[in-house]
Every structure is written in structure tokens, then in C-alpha cells.
Amino acid sequence: MLEKVINTLKNSTRYKERLTHVEILPIKDPIYGNLKKELPQKIKDYLSKKKIKLYIHQCEAIESLRDGKNIIITTPTASGKTLAFNIPIFEKLEQDKKATALYIYPTKALSNDQLKVVKEFEAITGINVNPSIYDGDTPTSKRPKIRESSRIIISNPYEMHQVLPWHYKWQRFFSNLKFVVIDEAHRYRGVFGSNLAFLIRRFRRILDLYGSAPQFIISTATLANPIEFSERLIGVKFSLINNDGAPKGRKYFIFINPYFDGVGTLSTHQETKDLFLFFVTNNLKTLCFTISRKMAEIITLWSKKALKKSKGYMDKITAYRAGYTPKERRVIENNLKKGRLKGVVSTNALELGIDVGSLDCVIISGYPGTIISTWQQAGRAGRGVNESIAALVAFQNPLDQYFMMHPKVFFEKPHEHAIIDLSNPYILSGHLICASSELPIKLPNDMKYFGDNVEDLLKALMREEVIRDTVNGWVYSGKGRATEAVSLNNISSEIFKVICDGELIETMDKTQAFREAHKRAVLVHQGETYIVEDLDLKNRLVHVKRRDVDYYTEAMKSVDIKVLKEVYKKEIGNFFVYFGEMEVNEQYIGYRIMRYDKVLGIEDLDLPPLIFKTMGLWFNVPAGVKRKIEEKKLDFAGGLHGIEHAMIGIMPFHVMCDRWDIGGVSTSLHPDTMTPTIFIYDGFEGGIGLTEKAFELFSEIVEMTFELVRDCKCEDGCPACIYSPKCGNNNKPMDKKATILILNELLKLIGLNKKSF
Ligand SMILES: [Zn+2]
Ligand SMILES: [Zn+2]
């Protein structure tokens with residue numbers, strides 16, 4: 001039936017050119033597995049009562065945990081990952097009546113979901129585990145009882161950070177701890193992930209004191225580097241469980257490109273609205289994901305207007321977003337499940353965990369930034385073995401357009417690398433302060449948790465008088481609670497607080513504050529928009545007001561770079577690329593006011609320069625290449641500039657991050673290298689491993705950057721290839737032909753000169 005719908009799209013004049021790709025993901029039969037040793041009768045009863053037959057990956061997970069291994073499970077959403085670890089955990093807790101398990105979830109909604117699942121498991125099997133959530137909302141009066149009696153505790157990283165100094169109250173739970181589950185672990189990457197990695201090391205150090213070494217279970221979406229990621233996050237060896245045995249229905253994954261002609265007559269939002277109407281009026285239950293709450297509202301409004309004439313459908317569509325009350329949300333979820341609603345337009349608030357029954361179609365309006373999110377959203381349609389459609393509608397920006405032109409890359413390449421960086425001295429210092437307050441730090445023993453450079457950092461902290469060297473080891477000697485020195489979402493100690501109506505809504509690093517929270521910026525927090533009224537640098541406060549606006553802002557900066565230390569140098573063919581420490585001087589000079597990719601205006605900013613040390617890569621363009629470009633009467637500097645922008649645009653495909661997390665500079669003559677040079681750096685103090693990974697994947701990134709610019713249909717450059725919204729030089733100078741030529745020359749030097757154009 002859905003094949004007919006796809007064919008209608010293919011053959012319509014409206015969509016013929018816009019529909020740039022149809023990928024058919026075939027039906028997949030289930031693959032069941034066997035266990036070497038039978039499960040306890042109580043668990044067997046549970047499975048038969050729920051009519052569950054175990055898939056191969058679930059059996060592999062169970063056997064690996066029985067063998068005492070740490071596992072990372074990366075099978076897709078809805079493949080039964082939770083069951084794969086709940087079974088062996090309950091089996092162990094049944095055999096060992098003292099054994100305990102800790103589950104860590106990133107959000108409250110997911111913790112609540114898991115509590116329900118565990119409670120049901122307990123009720124049906126009769127295996128007594130007394131599960132509880134223990135987080136910031138747990139009343140003080142209930143806490144001792146939970147610590148004393150629960151055998152499964154569900155918490156989150158923020159609570160764990162607060163709990164660790166009080167470890168002696170957790171003696172029973174910690175000393176019997178057999179498993180630690182870290183679910184949705186792909187969320188722990190970048191700054192948050194690096195903080196979590198040290199939090200876990202603090203935790204393992206304390207567990208060691210209580211004589212326990214639990215097995216770790218990581219559950220995550222598919223990553224390009226699951227083993228590297230899990231071993232960096234936890235610091236122990238892992239086995240990978242990725243042999244997915246769950247069945248699947250046929251899925252048509254289609255790409256719609258409003259900018260197929262390089263111009264785009266209708267915006268992405270209008271195209272989304274039309275496709276949404278097409279599906280809904282074809283009586284298909286459709287969920288549409290938008291990148292902002294405002295877009296969710298507008299697309300719903302436009303759709304309702306358009307449906308005025310066709311009776312019956314207008315009341316069957318609605319918007320859904322974070323700002324709605326829980327009650328409003330439950331009503332929408334229920335109506336969608338029961339079929340009373342045909343179409344819902346939502347922010348990613350609906351992406352995870354929430355059950356809305358089986359859907360026919362999902363529209364993803366704009367690439368959500370990661371392949372993981374794209375698949376998670378697409379996975380909302382066609383639960384079980386049902387047929388479904390997923391449609392990605394592209395924006396006019398580099399990655400969206402790259403996928404439109406190279407769909408194979410999207411479907412065949414492995415997913416992104418999730419980066420955990422253990423070498424940021426600012427992040428590590430904060431956790432050393434916390435660790436020293438939990439338990440004296442002893443060297444060399446604790447180097448296994450905190451690395452080989454720990455002594456230098458401890459000495460520096462001693463000079464700041466927050467840590468003392470005693471006969472028992474290094475201990476905390478600062479004022480106030482040590483845990484307050486660390487915010488899991490940030491890097492430096494210079495943390496800015498965002499305040500709305502006297503209430504703290506989030507915290508950010510100084511670099512982020514300059515970039516996203518300058519005066520009059522539109523700050524997006526959990527899908528809601530706020531206007532920044534004041535950025536108070538002295539007191540590190542950002543004052544915001546909640547405002548519904550239909551525009552957004554993008555800060556523009558100019559950058560200077562000083563190379564401080566070359567750490568690695570890599571020779572690829574006849575080409576060199578470098579990685580090292582640098583000092584960045586970012587000057588925020590103004591900001592653009594944007595609406596749907598159109599510039600409404602540009603305003604000046606008056607901020608002091610932001611100077612920080614970070615890590616980055618750089619490479620030189622040989623004089624011979626420069627001559628070639630100039631002989632062709634092309635603009636060499638414009639070519640370098642184009643490469644810098646396009647490369648930054650393409651990087652989030654390889655390294656999971658936001659385009660804004662990376663900065664760059666290009667110059668025809670840099671004083672530190674005395675040659676034409678391009679620099680790409682981590683936009684965070686101390687670096688968080690992004691460009692280090694890019695350094696590793698350098699030739700792939702150059703190749704993809706080349707393809708992006710070469711294949712873009714524009715004449716002289718556009719936002720889909722070499723133009724950058726954050727460019728402090730207003731995208732000048734810029735030369736698309738020179739960009740392509742230089743990249744082609746670089747590929748020749750690297751040894752990848754098979755391309756023609
Ligand atoms: Zn272009
Ligand atoms: Zn620029």
C-alpha cells in the first residue's frame with residue numbers, strides 16, 4: 001500500500017525533481033537465539049507470560065554478562081535492549097539476595113519509564129528488588145530507606161555527582177553492587193561525556209574502597225566507535241553486542257530536496273507543510289519533527305489553514321512540544337495512539353521513550369544534526385513489522401545538501417564517532433578537586449583513574465590552595481562544597497548562569513556565553529526561545545526574558561591564532577597535517593538576525609576579545625598550488641576561506657558535534673608557519689577531542705569537503721557549500737572555483753587524485 005504512495009510522489013510533477021532518493025529498507029525476519037544454561041523458572045514464566053522469545057543479540061548479551069564481561073549494546077531502538085540486560089540482572093539478583101544494581105539515565109522521563117519496566121518485572125517474577133528512583137526530587141525523608149533497602153536504584157549523572165562525597169552512607173548498596181547500567185549513553189559525548197568519564201572514574205575509585213568491581217552495561221544508538229567510546233567513558237574493557245535479531249517491516253526512506261535546483265522556490269518549512277498534508281490526506285498517521293518549537297507551531301497553523309476546505313482533517317492534526325503541560329501531552333499522545341489524531345508536528349520532545357503506537361510516516365524537517373537522531377526519529381514509524389515511510393526534508397546547509405547528493409554515504413557509512421576526551425586539564429582539575437574531597441588521592445595508585453599528568457595538576461591546585469598534600473594523600477582544603485567546583489555540562493570554572501525571572505535555567509561556559517548569550521541574542525533552551533537582556537561579564541550572569549519570536553540570531557566573529565605547541569605531525573602521501581595546542585583570540589564583532597535562512601539585519605556587538613587555549617589541527621597549502629590558482633586568475637585567499645568554511649560544515653558528519661563547536665581561520669600568510677595555512681580548532685577551552693579525531697580522519701574529511709563543494713549546484717558559492725553564517729568577514733573574500741581547485745590539488749598530494757570534475 002505504501003508503495004503506491006511512493007509511486008504517486010515519484011510520478012507527480014510537484015515532487016519529481018524534489019524527490020532525490022528512495023531507499024527501500026527490506027523486511028527482516030527475526031533471528032532467535034539460544035542460551036547455554038537455562039534461565040531461572042521465574043524468569044522463564046515471565047517470558048512465556050509476555051509471549052517473548054529471545055533474539056540472538058539478547059542471548060549474546062545474557063551470556064556475556066554471565067561470563068563476567070562488560071558489554072556495550074548498540075542494536076537499534078525497539079530491538080529489546082532493556083530486556084537484554086534486565087534478564088541477567090534479575091537472574092543475578094535472584095541468585096545473590098544481597099546483590100544490587102545501579103541504572104543511570106540521562107532524563108527523568110526515561111528514569112520513570114525504566115522504573116515501570118523493572119517494577120513489572122519484579123511483580124511478575126516475584127524476584128524482590130525493591131526498585132526506586134533516587135534523584136534531586138527524592139524527598140530527604142525517603143532517602144535513607146532507599147539506600148538501606150533498594151536493590152535496583154535508578155538515578156542520573158547529576159545526582160551521582162552529589163552522592164559520591166556521601167559514599168559512607170551507601171556502604172550496603174555499593175559494597176554489593178554487581179551491575180551499573182548506563183542507558184542512552186550516546187548522549188554522553190563532548191563536554192558532558194568527558195565530565196561523565198571522570199565522574200565514573202571517581203565512582204570506580206570509591207567502589208574499590210568497598211571492595212566491589214561491578215560489571216558495566218552500556219546501551220547506546222549505533223556509533224562508529226562503540227568500543228573506543230565505551231572504554232574511554234568507563235575505563236575498562238568492553239565486548240560489543242551488535243548482532244541485531246529483531247524483525248523489521250519494510251521502510252521507504254525518502255529524501256526531499258527543496259533546493260534541488262540550487263535556489264529553492266519554497267522554503268524547507270513550506271515543503272514540509274505540503275508533504276505533511278500529502279501524507280495526512282492520504283490517511284496516513286504521520287509524525288513530523290521540526291528543529292524548533294516555533295516551526296512546529298507554524299507548520300501546524302499553515303496545515304490547519306490549508307485543510308479548512310477538506311472537512312474532517314482539520315481537527316485531526318496538532319502541534320506537540322516541551323512547553324505543553326504533562327496533561328496536554330498525555331491527551332495528544334493518547335489521541336495519536338488511538339487514531340483520533342492523524343498528524344502531529346513536534347519538536348524532538350517526542351523523539352524518545354514516549355509510546356504513540358504505530359505510525360505510518362515520519363517527516364524529518366531538516367537534518368537534526370546527527371545520524372543517530374535521524375534514525376531515532378525515523379524509527380518512530382513502523383514499529384514491529386509494519387510498513388512505513390520516513391522522509392528527510394533538507395535545509396540549505398552543507399550536511400543536508402551533501403546527503404541529498406550522496407544518499408549512499410548516509411545509508412552505507414558507519415555512524416558518527418562519539419568523542420570522549422580525557423586530556424582536557426580544566427575538566428580533569430574540577431574532578432580532582434571533587435575526588436580529593438571524597439577520598440584522599442594517592443599516587444601512583446590513582447593514576448590509573450586520572451592519568452599520568454595528575455601530579456602536575458594536583459600541584460597547580462595546591463598553589464591555588466584548594467588541595468593539600470598530606471601524609472594520607474592529597475586532600476581537599478578549599479572553601480565550600482567541592483562538588484560545586486564542577487558543572488557536568490561545562491568546562492571551566494568561569495561558569496555563566498542564565499537567569500530568567502530570578503530563576504536559574506541553565507549554565508554555560510564563557511565561550512558559549514559569548515557565542516550564544518550576547519546582548520539581544522535569541523537563546524533557545526529546551527525548544528523555547530528567550531531574549532538576552534544583559535550579559536553581565538563581571539558577575540557571570542546572563543539575564544533573559546521568555547519571548548516567542550520567529551527569528552534567531554547568529555554571532556559573527558573574527559579570529560586570530562597563535563600556535564603554542566605542535567603535538568603530532570602526520571604525513572599523508574606528499575602532504576603534512578599538524579595537531580597541537582594553540583591560543584585562540586576570538587573577537588565577536590556582531591550578529592545576524594535570521595528568519596528561515598534569510599538575513600533580516602546585522603547588528604554590532606561590543607565585547608572584549610575572548611582568549612583561550614585549545615587544541616586544533618592545521619595544514620599548509622604549498623606555494624606551487626598558490627601559483628596554479630593565481631595563473632588561472634582566481635582568488636587564492638577566497639579559495640582558502642572556502643575550504644575552511646566547507647570543512648567545518650562537513651566535520652559534524654565524522655565527529656559528533658555541532659558545527660558551532662568548531663572554529664577556523666584561513667590566511668595566505670601566517671606568522672607562525674610563514675605559509676598559506678588553514679586552522680581548525682575546538683571551540684572549547686582546553687579542547688574536547690573533536691579536531692583530534694578530525695586529524696585522524698583527515699583525508700576522508702578533505703575528500704568529502706571536495707565532493708560537497710564540487711557537487712553544489714550554485715554558481716559562486718552558497719550556504720550549502722562555502723558560505724558560513726558565523727563568518728566575521730561576511731564571507732569575503734570567497735571563490736568557489738579556487739576552493740575546488742585547491743581541494744583537488746590537496747587530494748592529489750594526499751594520493752586520492754582519482755576525482756574529475
Ligand atoms: Zn553552493
Ligand atoms: Zn569566514
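We're numbering straight along the sequence, starting at 1. Worth knowing before you read on, the calculation uses all heavy atoms, side chains too, and leaves out hydrogens, waters and symmetry mates. Each ligand, and each atom within it, is numbered from 1 in the order the structure gives.
Ring geometry, Trp375 versus His415: the interplanar angle falls from 30° to 60°, so the pair is classed tilted.
A centroid separation of less than 6.0 Å is found between the aromatic rings of Tyr591 and His518. A distance below 6.0 Å separates the ring centres of Phe395 and His269. For Phe255 and Phe260, the ring centers are positioned 6.0 Å apart or more. Two rings, from Phe253 and Phe410, have their centers less than 6.0 Å apart.
Inside a sphere of radius 2.8 Å centred on the Zn ion (ligand 1), the protein N/O/S atoms present are Cys712 SG, Cys714 SG, Cys718 SG, Cys721 SG. Of all protein N/O/S atoms, those under 2.8 Å from the Zn ion (ligand 2) are His641 NE2, His645 NE2, Cys727 SG, and waters are not counted.
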Scan the side chains in residues 612-628 for donor-acceptor partners under 3.5 Å anywhere in the protein, sequence neighbours excluded, and list what turns up.
unit_1, atom_1, unit_2, atom_2, d
Thr614, OG1, Asp682, O, 2.8
Thr614, OG1, Phe684, O, 3.0
Thr614, OG1, Gly687, N, 3.4
Asn620, OD1, Thr675, OG1, 3.4
Asn620, OD1, Thr677, OG1, 3.3
Lys628, NZ, Glu745, OE1, 3.1
Lys628, NZ, Glu745, OE2, 3.2

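Applying the salt bridge (charged side-chain N to carboxylate O under 4.0 Å, His left out) test to residues at least two apart or on different chains, the pairs with a partner in residues 571-586 are Lys557-Glu586, Lys562-Glu583.
Between the side chains of Asn489 and Ser487, no donor-acceptor pair of N or O atoms lies under 3.5 Å. Side-chain N/O atoms of Asn731 and His641 include no donor and acceptor closer than 3.5 Å.
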